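What follows is one structure encoded as structure tokens, with my remarks underneath.
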There are 2 protein chains.
Amino acid sequence: MTSPAPSTHPRRSDVTRAAILRAARERFATDGYERATIRAIAADAQIDPSMVMRYYGSKEGLFAAAAEFDLRLPDLSSVPPDDLGKVLVRHFLARWEGDETLVALLRAASTNPGAAERMRGIFTDQLTAAVATFGTDPATTARRAGLVASQILGLAFTRYIVRLPPMVDTTPEDLVSWIAPTLQRYLTGTPPD
Amino acid sequence: MTSPAPSTHPRRSDVTRAAILRAARERFATDGYERATIRAIAADAQIDPSMVMRYYGSKEGLFAAAAEFDLRLPDLSSVPPDDLGKVLVRHFLARWEGDETLVALLRAASTNPGAAERMRGIFTDQLTAAVATFGTDPATTARRAGLVASQILGLAFTRYIVRLPPMVDTTPEDLVSWIAPTLQRYLTGTPPD
DNA sequence: ACCGTATGCCAACACCTGTTGACACGCCAT
DNA sequence: ATGGCGTGTCAACAGGTGTTGGCATACGGT
């Protein structure tokens, strides 16, 4: 699914590498970093555990490769300013409803310092950059991005990790209706004092 | 600190039990369930690992005892309806700024199914009950409670677990100012659609 | 003073973990 | 055809894990 690097020749082991990565993402997503064992991942990919080591160096290296993630935020400058909240919630829900990578990262970030730092980077860099594209006071963008992250990650945490019944049962569109105004205010609202 | 059960005689080992629990809460809070080892907890409490087993049966039993938690929500019926959001955010921040038990539970809930279920119970029972005290449509209380939980847990997750810089640096009162309106709308706002 | 029992420590078990090295097979260019 | 190298398997290591049983000791009620 991800475009290969065109510079190097395709390796014969690419299918194996992909199988490992897919199994790793699934295990990390459901079990978290420490409970996901290399042996279990290798078994899912139907290869020997030592192959994982050869191709990814270590468990940390495997996780680093499996948890590569891009929020793929749309260009917010071309969105009607009043629709920002709605667009963002819808985008995030769609983004990780179909990709377990972020769930894996979310679970792992709770216990693994490296995963936490990666999550920090994603939401600091990508989200802050997106928030900065439209013109609110630059002094407040970091805080606005942090608040958006808090509501977005809280949504993900309660829906996909803790699985709070009301958050699991509510349809995506109802969630958008409820939560969009929150993001809208965090993004464009006047700061309280 | 917690009042002892008055029915049974105080045991000679109560101080040891308390030391174990305190060490366990700290380890679970900083390391999560799987990384927190019984040996490390015992070392912190300066006793033998086997004592932990005798007093709490197993690692799961120890966690169950250490992660006992009460949100201690105030009686919301006596709060001015317009102050509900402010009161709640302030309460939650104060509640776990001084008690690492909830951070322990939060970290553990990501990877340990039992911890996740306990967290589900806490926020389903205690929070839903509190939300139900004032008179909105009973059909929407569960959803309102879930939304409140999503923002509150998102705040905790970004501030105490991932440690997103903007969320760590912002003062509690500024957080209250920003987030209170969100909870206010989740609690008393008219349902969208 | 005495004896049962609670408290504590020590050593060990059985298992699982990430990780490593040696060995076999098969593809591919020469 | 024949090398070399990429791919894969097997077995093992060293360390850490939760957990268990046995043994010393000191308390507390009688």
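Residue numbering restarts at 1 for every chain, and letters A, B, ... go by the order of the sequence lines. All values reported here derive from a predicted model rather than from experimental measurement.
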Proximal nucleotide (of [options]) relative to the [X] side chain:
X      : options                   : answer
T37(A) : dT7(C), dT17(C), dC10(D)  : dT17(C)
S50(B) : dT20(C), dA12(D), dG21(D) : dG21(D)
S58(B) : dT19(C), dT7(D), dT19(D)  : dT19(D)
R17(A) : dT7(D), dT20(C), dT19(D)  : dT7(D)

Just wondering, are more than 12 heavy atoms of other shown residues or ligands nearer than 6.0 Å to CZ in R120(B)?
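It does: R120(B) CZ has more than 12 such atoms within range.
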Say whether R144(A) and T140(A), considering side chains only, have a donor N or O and an acceptor N or O under 3.5 Å apart.
yes
Check the distance between [N]'s [atom2] and [X]'s [atom1] and give it to me in whole angstrom.
X       : N       : atom1 : atom2 : value
E34(A)  : dC16(C) : CD    : C1'   : 15 Å
N112(B) : dG18(D) : CG    : P     : 13 Å
L62(A)  : dT19(C) : CG    : C1'   : 14 Å
E60(B)  : dG18(D) : CD    : P     : 12 Å
M53(A)  : dA11(D) : CE    : C1'   : 16 Å
I41(B)  : dG16(D) : CD1   : C1'   : 15 Å
R35(A)  : dG18(C) : CZ    : P     : 13 Å
D14(B)  : dG28(D) : CG    : P     : 13 Å

Let me spell it out: for each of R39(A) and R54(A), pick the nucleotide of DNA chain C with the closest heavy atom. Which residue's pick is nearer the 5' end?
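Checking each residue's closest nucleotide, the 5'-ward one belongs to R39(A).
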Comparing D48(A) and I47(B) on DNA chain C - which has the more 5′ nearest nucleotide:
I47(B)
Using ring-ring contact (aromatic ring centres under 6.0 Å, His included) as the criterion, list what pairs up with Y33(B), not counting sequence neighbours.
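Y33(B) satisfies ring-ring contact (aromatic ring centres under 6.0 Å, His included) with F28(B), F63(B) once adjacent residues are dropped.
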Upstream residue (5' side of DNA chain D) when V15(A) and K59(B) are each assigned their closest nucleotide:
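Checking each residue's closest nucleotide, the 5'-ward one belongs to V15(A).
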Please list all pairs passing the side-chain hydrogen bond (donor to acceptor under 3.5 Å, both in side chains) test where one or both residues lie in residues 149-158 of chain A, with sequence neighbours left out.
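Residue pairs passing side-chain hydrogen bond (donor to acceptor under 3.5 Å, both in side chains), neighbours aside: S150(A)-Q151(B), Q151(A)-S150(B), Q151(A)-Y186(B).
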Can you find a side chain N or O atom of Y55(B) that sits less than 4.0 Å from OP1 or OP2 on dG8(C)?
yes
Check the pair R159(B), E97(B) against salt bridge (Lys or Arg N to Asp or Glu O under 4.0 Å), reporting the backbone distance first and the verdict last.
CA-CA 10 Å; R159(B) 185 173 168 93; E97(B) 199 90 27; 3.7 Å; yes
